[in-house]
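Report on the following structure.
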Amino acid sequence: MDSSCVSSDQVVAELIGMGFDFSDVTEAIKAVGPSLEDAVEFILNGSCRNSTVASASSKCSTSNGKALGKRALSASCSSDRMRQSTIMEHLQSTGRPKRSKTNTESNVSVSGSQVFRKPVKGSNEPFHARKCNLETTPEKSILPFRCQEELDIGPDWEQKVNNLLYKHFGYSSLKSFQKEALAAWLAHQDCLVLAATGSGKSLCFQIPALLTGKVVVVISPLISLMHDQCLKLAKHGVSACFLGSGQADSSIEQKSMRGMYDIIYVCPETILRLIKPLQSLAESRGIALFAIDEVHCVSKWGHDFRPDYRRLSVLRENFRADNLNFLRFDIPLMALTATATVRVREDILNSLCMSNATKIVLTSFFRPNLRFSVKHSRTSSPSSYEKDFCELINIYTRKKRPDKKEDNVMLQDLEHDSDSSSNTSNDSVFEADRMSQSFLDTIVDDSFSENDDDVSSSKANQSTASNEKKLSVEFLEDECDLLMGVDDLDVSCGEFFGQSPDKDSDICGLREINDLPNKQEEGLKLQQGHLEGSTIIYVPTRKETLSISKFLCKCGVKAAAYNAKLPRSHLRQVHNEFHENVLQVVVATIAFGMGIDKLNVRRIIHYGWPQSLEAYYQEAGRSGRDGQLADCILYANLSRIPSLLPSRRSEDQTKQAYRMLSDCFRYGMNTSSCRAKILVEYFGEEFSYQKCQLCDVCVNGPPEMLNLKAEADVFMRVIVAHYGLINFAGDSYDSVISVSNKEQRLMEKPNIRMFVGRIREQSQQFVASDVLWWQGLARILADKGLVREGDDMIRVQIKFPKPTKLGCKFLQYKTEEPFYVYPEADMLLPTKIDKPYSSFSEWGKGWADPEIRRQRLERKRTRRNPRKRKSRKRNPDLKTVRGRLASKLSKQKQ
Ligand SMILES: Nc1ncnc2c1ncn2[C@@H]1O[C@H](COP(=O)(O)OP(=O)(O)OP(=O)(O)O)[C@@H](O)[C@H]1O
Ligand SMILES: [Mg+2]
């Protein structure tokens with residue numbers, strides 16, 4: 001067989017697959033030979049690289065394309081009738097009846113033509129080109145790429161898809177949710193795919209491009225995500241490009257709009273200005289689908305709201321069959337996410353104007369190989385790092401000397417960067433570090449913590465700070481990377497041409513180990529990476545990315561910081577080295593983007609409270625994508641109520657943000673329910689397993705239940721008495737409330753501290769009890785419907801407890817019925833609580849002994865560290881937000 005001829009066939013098929021007209025393709029091949037790149041250039045630019053080709057080109061451009069094309073093909077392939085006939089066979093295959101716009105019942109036919117991609121290694125199978133120009137109409141001849149013929153994919157579409165799947169990705173079959181999503185797309189239905197992280201949602205929108213030869217347009221929120229996906233597709237033989245927001249060079253965009261790539265990744269900002277060119281593309285090569293990946297970004301009720309996502313309803317408005325007469329059906333929308341609550345789903349459907357008949361493909365959010373746990377830590381200092389990362393350091397440094405030079409690659413890079421004054425990017429690292437300093441101080445100082453976590457206090461903070469740049473929301477928000485812009489790498493667009501799928505290996509951990517049976521060495525290497533795996537540590541602030549990565553590097557771990565303020569080139573390097581297993585640990589803010597698809601991420605550590613369970617689950621979901629066990633550990637200060645990180649929010653959004661933070665806090669405080677169950681139920685799924693058998697709660701079991709009848713009783717009595725809701729005749733609690741004071745007290749906002757103070761005053765048994773413990777009890781009582789938030793504000797922790805009707809009834813029951821509950825995590829903290837309060841009878845007696853009392857009070861004083869408190873009071877620390885506010889306020893008072 002003439003190899004050059006086979007090669008020509010391949011190039012022809014590839015070019016037709018790209019959407020070029022057959023006549024143009026043959027003309028180009030004739031002119032430049034079987035070179036894909038030159039042929040593309042020839043067709044697009046009408047010119048070639050060398051002079052011979054150039055002359056051919058000019059010759060071609062004036063000649064009859066079709067005639068020349070036929071001649072070209074017949075000339076180059078005259079000796080290989082078999083290959084030639086294979087192409088021709090397909091080209092001449094009979095057209096199927098066209099579907100009408102009203103034929104919405106069809107569930108197995110698609111608009112456009114079937115096309116097979118570039119043949120894979122060693123394949124002798126016939127390959128096919130699209131069926132363009134066989135039924136030429138005058139209209140079509142005006143549009144060179146246009147191909148309106150409908151091909152019935154047929155009832156065996158699944159088999160066809162499986163073949164493509166195997167050829168391109170090495171997988172044997174579709175997962176059932178992928179099948180469902182594809183069936184919906186084949187039936188021209190919009191589709192919302194809700195499936196767990198790492199379940200394979202991307203294939204749902206990649207397959208349509210392979211199956212139809214039309215373009216798939218994917219809206220994606222981050223350059224790094226688009227970049228990774230394009231790279232991966234290219235390795236699997238699919239051409240793709242990505243278009244970020246600020247492209248200096250528009251050539252890729254232009255080529256993409258001419259149908260050069262099978263899949264176009266584009267950020268929402270950019271797609272809004274590409275509507276017209278996309279309409280032309282829909283008319284020429286055809287658009288099979290608009291996929292909106294990470295679609296939870298649409299919703300302001302979600303955790304990662306991007307205003308530009310909300311404007312994507314333009315896709316539905318501008319790509320309807322009603323508006324565009326060349327369309328038989330609206331171009332379907334496929335929206336995909338791994339983290340959307342029921343409310344967010346509704347918001348997505350409405351905001352994107354998805355059709356009423358949208359198919360919801362819902363799979364379990366449960367990831368059975370993820371082991372969730374929560375640990376208490378101050379998370380604020382090197383001493384916490386030492387304690388908390390000791391195990392991690394051991395894993396990565398078992399066979400190494402901790403001070404080994406080469407282990408500190410990225411740290412040295414950063415330090416070097418910081419020291420240098422001549423290099424701009426270095427400056428920015430240093431700048432990032434310097435700028436972060438003041439903010440970290442505020443975080444360490446818990447300026448945003450404690451109990452002032454309500455909307456009003458947050459507003460007060462914001463307004464007081466508004467004049468001072470350093471205290472502005474913008475500044476603080478920026479320090480936290482709360483909003484990640486799309487441009488998270490130093491590239492704004494890129495193109496990737498499909499390589500033969502067999503050429504790719506395990507680079508970037510793109511394929512399963514068992515896909516590489518003949519590549520033992522690589523397999524072993526990868527396996528080694530799998531055993532140890534990679535780790536991502538998520539922290540709330542940029543400063544912590546630097547301090548923790550620095551700490552780890554010093555301990556011999558190959559770690560790097562990742563936050564939005566670091567130079568883009570550094571971020572790209574971190575991405576690459578993370579994927580290539582050069583780095584062991586990445587310490588990142590949320591900027592280390594969504595959809596990171598690396599097989600061997602063995603642990604995700606959250607070091608500090610996440611802002612929502614959606615964000616937490618999304619980030620945790622980056623681990624264990626190889627199906628092996630992976631750890632998702634949340635280290636949080638359980639003795640502190642988490643606070644919202646500063647961000648610009650409307651009042652409604654602030655309320656929602658508090659709701660989400662509160663759910664997250666309750667997840668951390670939980671001691672009795674399976675963590676996986678809490679997480680999947682949060683997304684509205686019924687958890688069918690009851691227990692995951694892996695999380696800390698399932699493994700360690702819940703704590704002992706305590707009968708807190710006495711404590712609940714005293715707490716309820718104090719607040720009920722305060723509100724004067726029950727007349728406790730002759731009751732000591734009532735006796736402390738004089739009638740004259742009642743009105744005044746009803747006017748004031750009695751907070752939980754006040755009530756605890758009152759309990760301490762009135763009952764010696766509880767005289768040294770901790771507010772933290774009572775806060776836990778207040779949550780339990782609120783869960784049982786006995787108390788509620790007094791001012792109806794939404795808070796992370798109940799602050800102004802007020803009895804409900806049920807709460808009043810609770811006190812009226814003069815029964816001895818026990819009140820058994822599981823204590824929450826903060827109620828169990830050893831430093832705060834020595835004993836369960838139900839054993840106070842004995843413990844309380846101790847207070848009668850002066851020596852015991854002296855010792856206890858002394859202990860308490862030492863715990864509180866009075867020196868620090870004193871100095872803070874007298875001299876507000878001007879390095880902190882709280883300190884600056886305090887000093888400002890005291891000046892105002894004076
Ligand atoms: N049918 C399949 N059989 C085996 N593996 C598959 C299949 N489909 C997808 N995968 C693999 O699953 C992994 C995760 O895929 P993908 O990145 O699409 O996940 P995702 O659902 O988009 O996750 P995320 O929500 O984090 O973005 C990929 O490595 C992919 O190749
Ligand atoms: Mg994804």
Side-chain angles (χ1 to χ4, degrees), residues 158 161-182 191-210 216 218-222 224-238 240 263 265 291-297 302-304 334-340 361-367 369-370 501 504 506-516 526 530 536 579 590 592-601 604 614-628 630 632 683:
E158 249 181 88
V161 169
N162 284 343
N163 289 345
L164 287 169
L165 196 63
Y166 186 72
K167 280 180 191 170
H168 284 276
F169 301 98
Y171 302 130
S172 53
S173 63
L174 286 174
K175 296 182 180 180
S176 61
F177 87 89
Q178 292 170 332
K179 253 182 246 173
E180 262 189 82
L182 283 172
C191 181
L192 173 58
V193 183
L194 301 147
T197 45
S199 55
K201 291 183 288 297
S202 315
L203 276 183
C204 299
F205 55 77
Q206 289 165 352
I207 292 286
L210 299 177
V216 166
V218 186
I219 291 89
S220 182
L222 294 172
S224 56
L225 179 53
M226 299 190 234
H227 182 277
D228 284 357
Q229 294 222 349
C230 287
L231 190 66
K232 190 170 165 185
L233 282 167
K235 286 170 189 294
H236 293 301
V238 185
I263 302 188
Y265 284 86
I292 301 141
D293 202 12
E294 309 292 357
V295 73
H296 57 270
C297 295
H303 62 99
D304 206 357
M334 186 184 280
L336 310 97
T337 177
T339 46
V361 175
L362 180 63
T363 68
S364 175
F365 289 106
F366 180 43
R367 296 273 311 271
N369 61 326
L370 301 191
D504 80 56
D506 59 329
I507 303 165
C508 302
L510 292 173
R511 308 190 82 185
E512 304 276 6
I513 289 175
N514 55 16
D515 289 340
L516 306 163
L526 193 63
H530 271 254
I536 306 174
H579 278 294
I590 58 155
F592 200 50
M594 284 168 271
I596 286 176
D597 185 32
K598 184 174 193 288
L599 289 178
N600 67 340
V601 179
I604 300 282
E614 282 107 312
Y616 179 67
Y617 204 46
Q618 165 81 242
E619 285 150 11
R622 287 161 206 171
S623 63
R625 288 183 175 231
D626 51 6
Q628 307 293 310
C632 305
F683 294 105

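Whatever order the structure lists them in is the order used to number ligands and atoms, beginning at 1. All values derive from a computational prediction rather than experimental measurement.
Using a 4.5 Å heavy-atom threshold, the side chains of R625 and T197 count as touching. With a 4.5 Å cut-off on side-chain heavy atoms, I536 and I604 count as touching. Counting heavy atoms from C-beta on, the side chains of L194 and T337 come closer than 4.5 Å. Annotation: side chain of P208 is in contact with side chain of L182 (closest heavy-atom distance under 4.5 Å). At least one side-chain heavy atom of H579 sits under 4.5 Å from a side-chain heavy atom of D228.
In terms of polar-atom proximity, defined here as any N/O pair under 3.5 Å, L203 makes no such contact with ligand 1. For ligand 1, none of its N or O atoms has an N or O atom of Q229 under 3.5 Å away. Considering both main-chain and side-chain atoms, T197 never comes within under 3.5 Å of ligand 1 through any nitrogen or oxygen pair. Checking only distances, G200 does come within under 3.5 Å of ligand 1, N or O to N or O. For the pair Q618 and ligand 1, the shortest N or O to N or O distance does not fall below 3.5 Å.
Heavy atoms of A195 found under 4.0 angstrom from ligand 1: none, in either backbone or side chain. Heavy atoms of R622 found under 4.0 angstrom from ligand 1: none, in either backbone or side chain.
Ligand 1 places these atoms under 4.0 Å from at least one heavy atom of A338: 25 (O). Distances below 4.0 Å separate heavy atoms of S202 from the following atoms of ligand 1: 16 (P), 17 (O), 18 (O), 22 (O). Atoms of ligand 1 lying under 4.0 Å from at least one heavy atom of A196, given by number and element, are 21 (O). Short contacts between ligand 1 and R625, defined as distances under 4.0 Å to a heavy atom of the residue, involve ligand atoms 14 (C), 17 (O), 19 (O), 23 (O), 24 (P), 26 (O). Here is the list of ligand 1 atoms found below 4.0 Å of a heavy atom in K175: 1 (N), 2 (C), 7 (C). Less than 4.0 angstrom separates some heavy atom of K232 from each of these atoms of ligand 1: 28 (C), 29 (O). Using a 4.0 Å cut-off to heavy atoms of E294, the atoms of ligand 1 that qualify are 27 (O).
S199 counts as a contact of ligand 1, since one of its heavy atoms falls under 4.0 Å from the ligand. The closest approach between any non-hydrogen atom of G621 and ligand 1 is not below 4.0 Å.
In this structure, Q618 contributes its side chain and T339 its backbone to no donor-acceptor pair below 3.5 Å. When atom types are taken as modelled, the side chain of R367 and the backbone of Y617 share no donor-acceptor pair closer than 3.5 angstrom. Looking only at distances, a side-chain donor or acceptor of H236 sits under 3.5 Å from a matching main-chain atom of H168.
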Would Q229 and S202 count as a side chain to side chain donor-acceptor pair (under 3.5 Å) if you check the C-alpha gap in whole Å, the side-chain angles of each, and the deciding distance to 0.1 Å? CA-CA 9 Å; Q229 294 222 349; S202 315; 3.3 Å; yes
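Atom 11 (C) of ligand 1 has its nearest heavy-atom neighbour, among Y171, F169, F177, in Y171.
Under the salt bridge (Lys or Arg N to Asp or Glu O under 4.0 Å) rule, D597 has a single partner from R622, K201, K232, which is K232.
Using cut-offs of 30° and 60° on the angle between ring planes, the pair F365 and F683 is tilted.
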